[in-house]
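Below is one structure; the comments refer to it alone.
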Amino acid sequence: MPTTILSPAKRVFGTRAELRFACQNVLEKNSKETFTIPCEGLYPFQWLWDSAFIAVGWAHIDHNRARAEFQSLFDAQWSNGFMAHIIYHDDDRGKSYFPGSAFQGAARNPYSPTHVVTSGITQPPNLGAMLEILFDKELSEQVKLSPLNTPSVPDPHFYKKAIRHIFRFHEYLYRDRDPHNEGLTYIRHNWEAGTDNCTQFDAIWNTFDPINYDVQRRDTQHVNPKQRPTKKDYNYYLTLIEISRSVDFDEREMYEILPFLVQDPLFNSLLVASGESLARMARHFGMNVIAEQSEKWAMKTRNAMNEKLLDPLTGVYGYFDLRNNRLVGGMSSSNMTPLFAGIPSQKSAERLRETLESLHFAGRNNEYWLCATNAVTDPQFDRTRYWRGPVWININWLIWKGCLRYGFDDLARRIKRDTINLVLRYGVYEYFDPLKSAADNPEAHGFGGNNFSWTAALILDMLAENQ
Ligand code: DGY
């Protein structure tokens, strides 16, 4: 593999130390004391999986602040265990963000909280796995501080409550999102995937006609529309919200009428990882019922993913479209995230590694940074548009950790180097052009929002790790 040489003149940050400092600054600027917004202007509220990733960054700066990030999510949990993808703190009913709380209309659901307004859809359940990173850090630092080197316990009051909140969220997912009791939970909106406009969802958009909305989007006022989902895409997304709103986000009714019900590999992988993390933390505190149930669920989901989502032809995990009873394949970086949760066998994992190193992701001459969100050989690959091509730091971070888990040390090093190089080159952006030569253009810049919180948080984590 040819080594990529960076021309220093084209870097936004000269050194890793400068980058570290910038990342800390991003978190501090985006902090609203008890929660962190993903990005000034573009995403002005609190997002669920963003906050859990962001807490990993805070764990390197201030443990109390990291805990507060989780606590603000738990404070908005619905009484049925559901956790919403947006918490509209200081709600302005849609003035600063579209769709705002008024369009979402989730407050009419009887389980929703009364002290704060949220959306009625969720996001990938990364909370347990991210909380364990903070927990392990607190534990190891306390061990270092303890004069007798006897392990003490990180604040049991906070952690026991946190474990119960996350357990109730998982309980909701297995109860209300697994209609066939297979161990595979479904998402009922593409925003629940986190990978909003990934190419796999095109197959589902082809199955129904959306309403044509004439709305004022805010995202395209902040970001070049070429980097965001199209108007037609938004018509589908808003139609799904409108259908859900028509039944006040009642789970059973939504299951009956929504055209979008998908068993998503990234979502279920994070559920497995979080379930296992929860089990380990619960055991630590003697919460054995939670530990055992979490282990059982994680095992069931792991087996179901290998039986139902793993496509034997490509060796890649696919998306199961429950409404139309079919596996939607394709190759994207989110299909590789089962590595993070230790889901594939060593043999299947080797196949994923080979795919990531092949021309599908690296290009014929290693001309792409790893890991584009869509295979660069896919006719739908689009270097600039949101989840249809660009590199995202959270997905790279998950795959990097997954490679370490399977002993793919060379690939892990390469992904880490590419990830850090991108941010050194372009700045703390939301997503990045995967084509290496694009960075030679002096006008080139990162994509989406700048000073993006989870990029900052996960880069801080990568910089702190030796591996
Ligand atoms: C949302 O509103 O959650 C979308 O993911 C932002 O693009």
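Sequence positions, counted from 1, serve as the residue numbers for this chain. It should be emphasised that the depicted structure is a prediction, and the values quoted were computed from it without experimental measurement. Both counts, for ligands and for their atoms, begin at 1 and track the order of listing.
- Interatomic distance, L258 CG to E253 CD, rounded to the nearest 0.5 Å: 10.5 Å.
- Listed here is the closest heavy atom pair of N394 and L458: CA-CD1, 3.5 Å.
- Just one of D178, D264, N268, T122 meets the side-chain hydrogen bond (donor to acceptor under 3.5 Å, both in side chains) condition when paired with T185; it is N268.
- Of all protein heavy atoms, the one closest to atom 3 (O) of ligand 1 is H85 NE2, 2.8 Å.
- The W191 neighbourhood of ligand 1 comprises atoms 4 (C), 5 (O), with distances under 4.0 Å to a heavy atom of that residue.
- Set against the non-hydrogen atoms of R228, the atoms of ligand 1 under 4.0 Å away are 6 (C), 7 (O).
- For residues 107-130, the salt bridge (charged side-chain N to carboxylate O under 4.0 Å, His left out) pairs, not counting sequence neighbours, are R108-D248.
- Proximity of the aromatic rings of F167 and W297 is defined here by a centroid distance below 6.0 angstrom, and this criterion is met.
- Of all protein heavy atoms, the one lying nearest to atom 7 (O) of ligand 1 is Y386 OH, 2.6 Å.
- If you check which protein heavy atom lies closest to atom 1 (C) of ligand 1, you get Y97 OH, 3.3 Å.
- Among protein heavy atoms, the minimum distance from atom 5 (O) of ligand 1 is reached at D196 OD2, 2.6 Å.
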